[in-house]
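Please read the structure below before turning to the comments.
Throughout, a chain's letter reflects where its sequence line sits, starting with A, and its residues are numbered from 1.
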Protein chains: 2
Amino acid sequence: MKAAVPITVNGLKASCSQCNLVELCLPFGMSEHDLDRLDELVGGRRKVKRQQSLYRAGDIFEAIYAIRAGSFKTDVLLEDGRDQVTGFQMTGEILGLDGISAESHSCNAIALEDSEVCVIPYAKLEELSREVEGLQHQFHKVMSREIVRDHGVMMLLGSMRAEERLAAFLLNLSQRFTARGFSAAEFHLRMTRDEIGSYLGLKLETVSRAFSRFQEDGLMSVQQKHIRILDAAGLKRLLQHHPSSR
Amino acid sequence: MKAAVPITVNGLKASCSQCNLVELCLPFGMSEHDLDRLDELVGGRRKVKRQQSLYRAGDIFEAIYAIRAGSFKTDVLLEDGRDQVTGFQMTGEILGLDGISAESHSCNAIALEDSEVCVIPYAKLEELSREVEGLQHQFHKVMSREIVRDHGVMMLLGSMRAEERLAAFLLNLSQRFTARGFSAAEFHLRMTRDEIGSYLGLKLETVSRAFSRFQEDGLMSVQQKHIRILDAAGLKRLLQHHPSSR
DNA sequence: AGATGTGGTTGACGTGGATCAACGGCGCCC
DNA sequence: GGGCGCCGTTGATCCACGTCAACCACATCT
């Protein structure tokens, strides 16, 4: 439990070289030597309470953010009120890359739980990555990874059926929890059925039914947001088959 | 009409500063001074015939490409044979950004017509963008724009109905043709109904029916791949309404 | 403990788009 | 110039998912 602290930039000097998330975050793969130079990179930290936004669509773009603790969703809105969750982000992942192109953000980033981010002023990032080759390279990789990830989601939305989508989603979560040292099989969903549905292009009832189906089939146990995967291989098998390979 | 030339890197010295696509391509927004430095950037040109690939998923990543003439599609494949078109690219647009993250390409880039690209060796791009601030900034914007574009497609795939998807697609094409000095209303589709369907997460029959519907409703005239938009405002109106705002 | 609200589950029913099938237009190539 | 193959159109039918509605589980507040 953390003490209650107002949601502001705080003066605490953040240091990438000291951070235990270095293996997951922007500096991944950088040399010790280059890493030392990053101490000037992080402008500060910022806490964001559950349901509050780190930035909103239209905000001018000044910084990107590395998640230090907690998790977020990003979503985009259409004029007519429809919205779509474009991603869920966890510790070590980078938020805000969408803002570079238009110098203003194009989506909302909202905390799914009380969270904390490192603020990386973009001007400083560009400046430093002109000097530190490793940083430049890693930053490009992070952006490219985001593009590849989005292609995966497009694949999912464009050509998978409901249960396949949910299976792919859960396996992806599981793998990301594993990378963070948590159990691959048992975890707590931070988002609602509605948010999962929005991300997967499904209605919340369909998501709920797919969960029930997986449970009936012995693939997993589901109690509200608490998930335990019992048969990961079975879930993977769901993805290998054509939708209607009659 | 160009003379037939074998599909190889040719020795022709490409020059961004002389290129009439500069307003659309990577150097967009760069100063005259910075632009001069780009002459070392482009490694050469490469012609790609219709249906041939510029690169394939799994190829090691060495360069990104700027389309000088023609157009491409990119697609990703699932193990089970399903595939999904992730984008259509036209002159001035950049291909290959997906390759940076894993140092190998994650999708196929296939020419929709006989095309030509500028080859931009990635190592050289990183090197030069450490020296030329304008280039660094523009490159980041191009990557970010790709991310924003992908979010738009996710929105489309996740929350629009068939006719809305096609309308959005056509309006997007129209706008990109306009930016290239072509007619906003009348153009030639370079891709098949099947490819459009794959991109939009629909079957080719559904795409065909939506075209027929638009024609019946007087929104456009369609003759095979030749499209004329008669009522752009009507198409836009299709996008403003909820799917089932009963 | 009871009231209230948010999120999740489940059932009954409707529908948009997939599937299956037949056919038409057009270019290409022997 | 006739046959072949690809692409596109259209109709009939089916089904996965959406919609609508009722109900339940929990958390929070008083």
Q.
Starting the side chain at C-beta, find the nucleotide from C/dG17, D/dG8, D/dT9 nearest to B/T192.
A. D/dG8
Q.
Hydrogens and angles aside, do A/Y199 and A/D194 bring a side-chain donor and acceptor to less than 3.5 Å of each other?
A. no
Q) Base, sugar-phosphate, or nothing for B/G201, non-hydrogen atoms under 4.0 angstrom? A) sugar-phosphate
**Q.** Minimum-distance nucleotide to B/V222 side chain [options: D/dT9, C/dG16, C/dG7]
**A.** D/dT9
Q. Looking at five pairs on each end of the helix from C/dA1-D/dT30 to C/dC30-D/dG1, what is the angle between the two axes, given to 10 degrees?
A. 40°
Q) Ignoring hydrogens and angles, are the base of D/dC24 and the side chain of A/Q224 linked by a donor-acceptor pair under 3.5 Å? A) no
Q) How many Å lie between CG on A/L202 and C1' on D/dC17, as a whole number? A) 8 Å
Q: Answer yes or no: is there an ion pair linking A/E116 with A/R46, defined by an N-O contact shorter than 4.0 Å?
A: no
Q) What nucleic acid atoms does A/L204 come within less than 4.0 Å of, heavy atoms only: base, sugar-phosphate, or nothing? A) base
Q: Look at B/R145 together with B/E93 and state whether they make a salt bridge at an N to O cut-off of under 4.0 Å.
A: no
Q: Could you check how far CZ of A/F214 sits from C1' of C/dT9, rounded to whole Å?
A: 16 Å
Q: Could you state the atom-to-atom distance from CD of A/Q51 to C1' of C/dG7 in whole Å?
A: 12 Å
Which pairs would a plain distance check flag for residues 202-209 of chain B, meaning a side-chain donor or acceptor within less than 3.5 Å of a matching protein atom at least two apart in sequence or in another chain?
none

Q: Please determine, for the side chain of A/T206, which listed nucleotide (C/dT9, D/dG18, D/dG8) has the closest atom?
A: D/dG18
Q: Report the distance from atom CD of A/Q215 to atom C1' of C/dG8, rounded to the nearest whole Å.
A: 13 Å
Q | Check: B/F88 ring centre within less than 6.0 Å of B/F72 ring centre | A | no
**Q.** Distance-only side-chain donor-acceptor flag, B/S71 / B/Q89, under 3.5 Å
**A.** no
Q: Would you kindly give the NZ-to-C1' distance between A/K203 and C/dG17, to the nearest whole Å?
A: 16 Å
Q: Mind calculating the distance between CZ (A/R82) and C1' (D/dG18) to the nearest angstrom?
A: 14 Å
Q) Does A/R209 get its side chain close enough to the base of D/dT19, under 3.5 Å, for a donor-acceptor pair? A) yes
(Q) Rounded to whole Å, please give me the gap between CZ in B/R193 and C1' in D/dT10. (A) 13 Å
Q. Roughly, in whole Å, what's the span from CD in B/E205 to P in C/dA22?
A. 14 Å
(Q) I'd like to know if the side chain of B/T91 pairs up with that of B/R68 as donor and acceptor (distance under 3.5 Å, no hydrogens or angles considered). (A) no
